[in-house]
Protein chains: 2
Amino acid sequence: MEQRLSVKEQLARVREDAIVSAVNRLLARKGFEAMTVDDVAAEAGMAKGSLYKRFESKEALAAAAMTRVLEQALSRMEQQAARQGVAAVDQLRDVARWSMQALLAGEMPILPAQNSTLRSSLLADKTYLNRLNDVSEKLGEWIIEAQGRGDLDQRTPPEVVLWALLATACDPVVAVMKTTGQYNDEDIVEMRISTLFGGLSGAASR
Amino acid sequence: MEQRLSVKEQLARVREDAIVSAVNRLLARKGFEAMTVDDVAAEAGMAKGSLYKRFESKEALAAAAMTRVLEQALSRMEQQAARQGVAAVDQLRDVARWSMQALLAGEMPILPAQNSTLRSSLLADKTYLNRLNDVSEKLGEWIIEAQGRGDLDQRTPPEVVLWALLATACDPVVAVMKTTGQYNDEDIVEMRISTLFGGLSGAASR
DNA sequence: GTCTATATGTCGATAGAC
DNA sequence: GTCTATCGACATATAGAC
C-alpha cells in the first residue's frame with residue numbers, strides 16, 4: 001500500500017513537472033497575458049480539465065513556474081556556496097550568468113511589468129514569497145561581503161545591487177542580441193555581465 | 001474656407017493628442033495586454049466609436065503612443081545637440097536620464113516582451129520605424145564619438161551600447177525602487193545612471 | 001466539451017454646427 | 001435643413017473556469 005501510494009505520488013510529480021515545464025516555456029516565449037490555458041494543455045500534452053485538477057487558476061500555474069525557477073536558482077547558489085575560496089563577487093557573477101543563460105535558453109518565465117491579477121496572486125503565494133526571500137537573503141549576504149572587500153561599489157545600497165542582479169532575469173537586451181543572430185549565447189552573456197559589473201564607461205572616465 | 005478647415009484640423013489634433021496621451025498613461029500603468037479600448041475611451045473622455053474613427057485598431061493606438069515618445073526623445077536630443085561643448089557621453093547620459101524620468105513619471109509606454117500582434121503591428125508601421133531609426137542614428141553617432149574619446153568602453157560593440165541605453169526606458173529596477181518609497185525620483189535616476197555607466201564593481205575590481 | 005465573461009470592433013441613432 | 005462627427009448599445013470571438 002505504501003509502495004503503491006509512493007508510485008502514485010511519483011506519477012503525480014512527473015505530471016506536475018510536465019505542466020510546470022510547459023508553463024515555464026510558454027511564459028518565457030509569450031509572457032503571462034499572451035499565454036492561454038489551452039496553450040498550456042497542448043504543450044503539456046493533457047486536457048485542460050487535468051490542469052484545473054491540480055492548479056486552481058492560470059495565475060497559480062504561473063506562480064508554480066516562477067517558484068520552481070527560484071528553487072533552481074537556490075540549488076545552484078547552494079552548490080556555489082559549498083565551493084571554497086570563491087570570492088563573493090564571483091558567486092554573484094555566477095548567479096547572474098546562470099539566469100541569463102536560462103533566459104537565452106527560453107527557460108526563464110518573465111513576469112510582466114505590473115499585471116494586476118498575477119501580481120496580487122504572487123504576493124499571496126507564501127511558497128513563492130519564501131523562495132524569493134531565500135534567494136534574496138543569500139544574495140544579500142554575498143553582496144555585503146563583496147562590498148566589504150571593495151569588489152562591489154560601496155556607495156550603492158545593497159538592495160539596489162540586489163534588484164539589479166534580479167533584473168538580469170528579464171534583461172531585454174539579451175533577447176535583442178539573440179534575435180539579431182550576430183552573437184552566440186556565450187558572447188551575449190559575457191557582454192551583458194561585463195556591462196553590468198564594469199559599466200559602459202571607458203578608460204578615460206575611470 | 002481655409003480658415004475653417006484649419007480650425008477643424010486644430011480640433012482634430014487636440015482630440016488626437018488627448019487620445020494618444022491617454023494611451024500613453026495607460027500603457028505605462030498597465031501595459032498593452034491589460035489595457036482595454038474602453039479604458040482608453042474613459043481616460044480620453046470620449047466614446048469608443050470616436051477612437052475607431054481615427055485609429056483602426058488597438059495596436060494602432062499603441063503604435064501612435066510609442067511613436068510620439070520617440071518624437072519627444074528626438075526633440076530633446078536635437079536640443080542637446082545644439083548645445084556647444086558638451087561631450088557626447090554626457091549627451092548620452094542626458095537621454096538616459098530623460099527616459100528614466102519619463103518612466104518614473106508614468107509617461108513611458110512600456111512595450112511588452114514579445115507580444116505577437118503589437119510587435120508585428122509596430123514592425124509594419126513606417127512612421128514608428130522611421131522615428132526609431134532617427135533616434136538610433138543620432139545615439140549611434142554619439143556612441144562612436146564617445147568611444148573614440150575613451151569615454152565609453154571601446155570593447156563593447158556600439159549596437160550593444162545602443163540597446164543598453166534604449167533599455168533604460170523599460171528598466172524594471174526603477175519601478176521597484178519607486179514602489180519601496182525609500183528613494184525620491186532624482187536619487188533613483190542618479191543611482192541607475194551611475195550603475196549603468198560605472199557598473200556595480202568597486203575600487204578593488206577596477 | 002461547455003459555459004460565461006469580457007474585449008474588440010461596428011453601426012445606426014442623434015445632436016450640433018454652419 | 002443638411003451634413004458631419006460623436007455616442008453607446010450590440011455583435012462576435014476568444015479565453016478562463018469547471
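Letters go in sequence order (proteins before strands), and every chain restarts at 1.
- The pair B/Arg131-B/Asp134 meets the salt-bridge criterion, since a charged nitrogen lies less than 4.0 angstrom from a carboxylate oxygen.
- Proximity note for B/Ala47 (side chain, C-beta onward) versus D/dA17, C/dA7, D/dC7: the nearest is D/dC7.
- Here B/Lys48 lies in heavy-atom contact (under 4.0 Å) with a base.
- For the pair B/Asp39 CG and C/dA7 C1', the interatomic distance rounds to 10 Å; values are reported in whole Å.
- A sub-4.0 Å separation between OP1 or OP2 of D/dA17 and a side-chain N or O of A/Tyr52 is present.
- Computed from coordinates, the A/Phe32 CZ to D/dA15 P distance equals 14 Å when rounded to whole Å.
- Within a 6.0 Å sphere centred on CD of B/Glu186, heavy atoms belonging to other residues, nucleotides or ligands number 12 at most.
- Taking atom CG of residue B/Leu61 and atom P of nucleotide C/dG9, one finds them 9 Å apart after rounding to whole Å.
- Taking atom CG on B/Leu51 and atom C1' on C/dT10, their separation rounds to 13 Å, with Å as the unit.
- For A/Lys58, the side-chain atoms get nearest to D/dA17 when compared with the rest of D/dA5, D/dC7, D/dA17.
- Rounded to a whole Å, the CE atom of B/Met46 is 17 Å from the C1' atom of C/dA15.
- Here B/Ser50 reaches the OP1 or OP2 of D/dC7: one of its side-chain N or O atoms lies under 4.0 Å away.
- Rounded to a whole Å, the CD atom of B/Glu16 is 11 Å from the P atom of D/dT6.
- Set against C/dG9, D/dC7, D/dG16, the side chain of B/Ser57 has C/dG9 as its closest nucleotide.
- Here C/dT8 presents its C1' atom at 12 Å from CE of B/Met35, a figure rounded to the nearest Å.
- For the pair B/Asp38 CG and D/dC10 C1', the interatomic distance rounds to 13 Å; values are reported in whole Å.
- When each of A/Ile143, A/Leu196, A/Asp151, A/Leu162 is checked for a side chain to side chain contact (heavy atoms under 4.5 Å, CB included) with A/Leu92, only A/Ile143 meets the rule.
- Across all strands shown, A/Glu56 has heavy atoms under 4.0 Å from sugar-phosphate atoms exclusively, and none from any base.
- Look at B/Glu78 and B/Lys138 and you find no salt bridge, because none of the NZ, NE, NH1 or NH2 atoms lies under 4.0 Å from a carboxylate O.
- Dashed line: the shortest gap from a side-chain N or O of B/Arg15 to OP1 or OP2 of D/dA5 is not under 4.0 Å.
- The pair B/Arg25-B/Glu43 meets the salt-bridge criterion, since a charged nitrogen lies less than 4.0 angstrom from a carboxylate oxygen.
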